[in-house]
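Inspection log for the structure reproduced underneath, given as structure tokens.
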Amino acid sequence: MTSRPRQVELAFDPAAIDRKWQARWEQDGLHKVSDDDPRPKWYEMTMYPYPSGDLHIGHWYAMAPADSHARFRRMQGYNVLHPIGFDAFGLPAENAAISRGIHPYEWTISNIDNMRRQLRSLGASYDWDREVITCLPEYYRWNQWFFLKFFEKGLAYRAKAPVVWCPSCQTVLANEQVLNGTCERCGTEITRRDLEQWFFKITEYADRLLDFTGLEDWPDKILTMQQNWIGRSEGVEISFDISAVRDSDGAALEETEIRTFTTRIDTIFGVTFIVLAPEHDLVPKLTSAKNRQAVDDYIAKARQTSEIDRLSSDKEKTGVFTGSYAVNRLNGERVPIYIGDYVLTTYGTGAVMGVPAHDARDFIFARKYKLPIRIVIAPIEWDGKELGDAYLGDGFMTNSGAYDGMTNDEGKTAIAIDLEKKGWGSRTVSFRMRDWLISRQRYWGTPIPMVYCDTCGVVPVPEADLPVLLPQDADFKPTGESPLAANHDFVHTKCPKCGEDARRETDTMDTFMDSSWYMMRYLDPHNEDEPAGPKVLKQWMTVDQYTGGAEHAVMHLLYSRFFTKGMHDMGLVDYDEPFLRLFNQGVILGADHEKMSKSRGNVVNPDDFVGKLGADAVRCFLMFIGPWDQGGPWSDVGINGTARWLNRVWDIAARDADKLGDTSVNADVVRDTNRLLHQTIRKCHNDLDRFKFNTAIACLMEFTNHLNRVWADASIDAETWRECTSKLLLLLAPMAPHMTEELWEMNGHPYSIHQQDFPTWDDDLAAEDVITLIVQVNGKVRDKIEVSVDIEEKEAQALALASPRVQPYVQGKSVAKTVYVPGRLVNVVVE
RNA sequence: GCCGAAGUGGCGAAAUGGUAGACGCGCCGGUCUCAAAAACCGGUGGGGGUGACUCCGUGUCAGUUCGACUCUGACCUUCGGCACCA
């Protein structure tokens, strides 16, 4: 409350104008989108918000530029669908509800009411009849419907697995929701649990998800992140012989081999040990009586180790010997079998062959436990000495029997082929991505439509019985078990198959289920028979432009791609990518260049600025700060500049053009003004097309400045003035929809400015006839001369050399050559 | 550690390999005013010079080029992602 920034005084009342036009547009249904429209369609979607209760400046930063772009497309002649909805299920509603003793439904719906009002204050061109709210049965019944379809197709399955658990949220999480070993939502360190849960088989689509050919314009960053997340590795699964191992009774084991996965089969002759994950099934059987105690202790310790520590790559590599040996079939060597927690049970086969000479982790492990290190890929210029570190590069095969002398690349293929012939292994592909765990032990989500019957097993709820309603009266406080399990009426049901007593599944679905298909529901939000009708799907999908934050790279954006491909394969839709183009906006920061947070006290409340300066000023300032994909700091004083400019636009557009007499009109200035108009239209159009709002606004500012100058000396005629000001309003309309509508009306144009065509330009009129020719000597600028745009090279060179400011630099020196860039410069190279 | 993006005035930034700093903020000066605010006009990268001018300048160091903020290589810094994935 100390140094209050000086306040811009406006010549108009933005708040009144905002209200006036928002009401009028609403009343006229200006933003209603018809399915029967002859114009080409453009589906432009922005990621729907979570109804946290308040539309903060980050929401504005996501929504306002997106709306401006949609408006721009509309003026270009497209039938634009730019819908909005609410991602209304999820933990925060429950947590907030628990702490306040209010039902999640009440909390969510009242937040939505408030945010709807705030979204309207932004002047966004949403068709509210298409609004989607995911926590309503009209919506989530289709989650259940899709779940049944995926189940039928074998893409949804139930399995016991070591899943991620958040002790604070008291629920399992998907792998994608773990950040550095902590819960993505609350930051609590995660643990693991062995639970039976529902999964979606996203891994079955791993290869297809890596194929980005159907995506026209996605940021490389997102594609890279998805690629890394999926983590495809080509390698070989090779087994080691354990048929010689005997159990405590001296009997042979049921299993005769250990399967391992490697990407470096060329190093197979360098194997000096095997390491199994502590959780590996074979561990108890392979552990000798003598080593039992040490192994059990190690496993117990591994269990206690936190996920963060366990996953840290800096951690010391530890392990214990099981007492058993396996045989490397390629050279008949016996190697010790260890367990070690640097081997993950969830990747590959949960077992690795230890090649210390050529793997950094195995190297450290071998040093620690004094295991032999045998070089089998000779480094280029290797002096035959011991290695100080694992050698990971290429080289020639050595100590590798028949393969000696091959390059390791050749060796890779040769060994793989031989292994396959002998049946000891096969080429295979491993993925880092795991199946999508969708069960949640929480209340505020879509009930999973499954029933457990003692006689029939797992039985899907028949489609006709959907939706399985989320009971209103559940005790939703988290206990670690789903709150629905405590609801007697919900749990106890009849088996759809045999009619006997049965129990319902009490877990709910991950909310990323909701967002995996919401783009379809906007097309047909009131359809009671299907998620969306085939006719509207055909007409609108896929989404032409999607905008939103990059934080969803490997969650929502990956899930929805998978979901779409699944639907495609079931014949439910005929496209297999949901979003053709993607644009990620950056993050809006506090004035201190830090992330906004209450504890820092740098949070900006948009409502304050909207009330004083108007929605248009806030919209334009957010777009003017910098490139949209870059984000940037908010500035309480910076916005005054944008407000001042809009005020000047107001002033200019409100002037009476007839006050410009003929007496001082200057034909050159009229021509220059016309040229600038056409250049401005061109630049503004091209910038808006590519989301470069900051430079689009800058060029409109330049045009505004020019108009002010020519008004001051009355050097242009009234007609030109009217032409320029009305085009200026049209160019600005997508970004400042309220005040341009008001000025449009004041100037006697027909309602609405937002239904007009975006101005077009004429390249001939935009072309310069005089240019500034840069004259350089050895690349340094020495003079600038005004010349005709179509000047000949010879003449340009002559003018350059004749320049008195160039003369001193060329005098007495020989001109080696001159470089002429038409319309740009002449560079004289001397000596 | 690996992958990716980015380093330009006091600040946000702009520049198809061709005038570095458009546009805006802030600041300085002026007009208006009793005064201030607002508004408007002018100035504003740094050094030197009364001046016309001149030298330096886009993270650092090399390179390619007639010419590099832009391309190449190495390094430094910041941010984002992944992080024992065999």
Side-chain angles (χ1 to χ4, degrees), chain A residues 5-11 179-181 219-225 227-229 231-233 235 260-264 267 275 310-317 340-344 346-355 358-362 364-365 430-434 550-551 553-554 586-587 591 593 621 624-627 629-642 644-645 647-648 651 692 694-702 704-705 708-709 712 772-781 783-784 805 816-821 823-830:
Chain A
R6 279 174 296 172
Q7 190 65 57
V8 175
E9 269 179 37
L10 301 174
L179 294 178
N180 295 323
D220 287 340
K221 183 189 166 185
I222 301 290
L223 301 185
T224 308
M225 281 170 74
Q227 207 163 1
N228 293 342
W229 184 261
R232 184 180 199 276
S233 294
T260 66
F261 174 76
T262 180
T263 54
R264 291 296 304 274
T267 65
V275 190
R310 176 134 185 218
L311 287 177
S312 160
S313 49
D314 312 328
K315 211 193 106 193
E316 200 186 1
K317 310 281 174 277
D341 68 0
Y342 78 95
V343 177
L344 305 175
T346 49
Y347 184 77
T349 59
V352 300
M353 56 185 222
V355 186
H358 306 291
D359 181 278
R361 295 150 301 184
D362 296 345
I364 297 168
F365 191 83
S430 265
F431 293 96
R432 188 187 167 285
M433 180 172 67
R434 311 256 58 87
E551 67 274 16
V554 295
V587 179
H593 294 217
F621 180 58
F624 184 62
I625 287 175
D629 54 353
Q630 195 182 295
W634 172 267
S635 166
D636 285 355
V637 282
I639 191 174
N640 286 339
T642 312
R644 261 196 288 269
W645 168 58
N647 197 41
R648 272 199 298 276
D651 182 48
K692 294 173 76 175
N694 56 328
T695 47
I697 289 176
C699 86
L700 293 182
M701 285 174 169
E702 283 184 73
T704 313
N705 293 343
N708 247 341
R709 276 193 296 273
T772 306
L773 193 71
I774 303 306
V775 182
Q776 298 180 337
V777 179
N778 287 350
K780 288 200 175 218
V781 179
D783 200 3
K784 303 164 188 182
R805 309 192 37 167
K817 69 166 170 175
T818 58
V819 179
Y820 176 61
V821 182
R824 287 277 185 190
L825 60 76
V826 175
N827 186 14
V828 182
V829 185
V830 294

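Heavy atoms only: backbone and side chains are in, while hydrogens, waters and symmetry mates are out. Chain letters run A, B, ... following the sequence lines, proteins first and then strands; every chain starts at 1.
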Rounded distance in Å between the [atom1] positions of [N] and [M]:
| N | M | atom1 | result |
| --- | --- | --- | --- |
| B/G81 | B/G9 | P | 26 Å |
| B/G46 | B/C40 | P | 25 Å |
| B/G24 | B/U44 | C1' | 14 Å |
| B/C69 | B/C61 | P | 13 Å |
| B/A15 | B/U70 | P | 15 Å |
| B/A6 | B/U58 | C1' | 13 Å |
| B/C25 | B/C76 | P | 40 Å |
| B/G21 | B/G12 | C1' | 13 Å |

Checking all strands, does [X] fall into the base, sugar-phosphate, or nothing category for heavy-atom contacts under 4.0 angstrom?
| X | answer |
| --- | --- |
| A/D362 | nothing |
| A/V829 | sugar-phosphate |
| A/H593 | sugar-phosphate |
| A/V819 | base |
| A/R232 | nothing |
| A/T262 | sugar-phosphate |
| A/Q776 | base |

Is there a Watson-Crick or G-U wobble partner for [N] with both distances under 3.5 Å, and which nucleotide is it?
| N | value |
| --- | --- |
| B/U64 | none |
| B/U16 | none |
| B/A22 | none |
| B/G9 | none |
| B/C79 | B/G4 |

Are [X] and [N] close enough that a side-chain N or O sits under 4.0 Å from OP1 or OP2?
| X | N | value |
| --- | --- | --- |
| A/N694 | B/A14 | yes |
| A/N640 | B/A38 | no |
| A/R709 | B/C41 | no |
| A/R805 | B/C53 | yes |
| A/S430 | B/A86 | no |
| A/K784 | B/U19 | no |
| A/K780 | B/C56 | yes |
| A/K692 | B/A15 | yes |
| A/Q630 | B/A13 | yes |
| A/R644 | B/G26 | yes |

Inset, instruction - Using heavy atoms to find the nearest nucleotide of RNA chain B for A/R264 and A/M225 separately, return the residue whose nucleotide is more 5′. - result: A/M225
Inset, instruction - For A/F261 and for A/V554, locate the closest nucleotide of RNA chain B by heavy-atom distance; then report the residue assigned to the nucleotide nearer the 5' terminus. - result: A/V554
Rounded to whole Å, please give me the gap between [atom1] in [X] and [atom2] in [N].
| X | N | atom1 | atom2 | answer |
| --- | --- | --- | --- | --- |
| A/N228 | B/G1 | CG | P | 18 Å |
| A/L700 | B/A14 | CG | C1' | 15 Å |
| A/W645 | B/C23 | CH2 | P | 14 Å |

Legend entry - Chi-based syn or anti call at B/G9, which uses purine or pyrimidine torsion atoms and a 90° bound: syn
Inset, instruction - Looking only at non-hydrogen atoms, find the nearest pair between A/S430 and A/G348 and report the distance. - result: OG-CA, 3.8 Å
Inset, instruction - Indicate the atoms forming the closest heavy-atom contact of A/F365 with A/K317, along with that distance. - result: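 Looks like CD1-CB, 4.1 Å.
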Inset, instruction - For the pair A/W634 and A/F621, name the ring-plane relationship: parallel under 30°, tilted 30 to 60°, perpendicular over 60°. - result: perpendicular
Can any side-chain N or O of [X] pair as donor or acceptor with the backbone N or O of [Y] at less than 3.5 Å?
| X | Y | value |
| --- | --- | --- |
| A/R824 | A/L773 | no |
| A/N827 | A/Y820 | no |
| A/R805 | A/D783 | no |

Can you figure out which of [options] approaches the side chain of [X] most closely?
| X | options | answer |
| --- | --- | --- |
| A/N827 | B/G67, B/C23, B/C84 | B/G67 |
| A/I625 | B/G24, B/U19, B/G12 | B/G12 |
| A/V781 | B/A86, B/A83, B/A20 | B/A20 |
| A/A698 | B/C23, B/G18, B/A86 | B/C23 |
| A/V343 | B/A14, B/C23, B/A86 | B/A86 |
| A/D359 | B/A39, B/A83, B/A86 | B/A86 |

Legend entry - Any A/V829 side-chain heavy atom under 4.5 Å of A/T818 side chain: no
Legend entry - Side chain to side chain, A/V828 and A/Q776, heavy atoms closer than 4.5 Å: no
Inset, instruction - Apply the side chain to side chain contact (heavy atoms under 4.5 Å, CB included) test between A/F624 and each candidate in A/T695, A/I697, A/I639; give the one that qualifies. - result: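 When side chain to side chain contact (heavy atoms under 4.5 Å, CB included) is applied between A/F624 and each of A/T695, A/I697, A/I639, only A/I697 qualifies.
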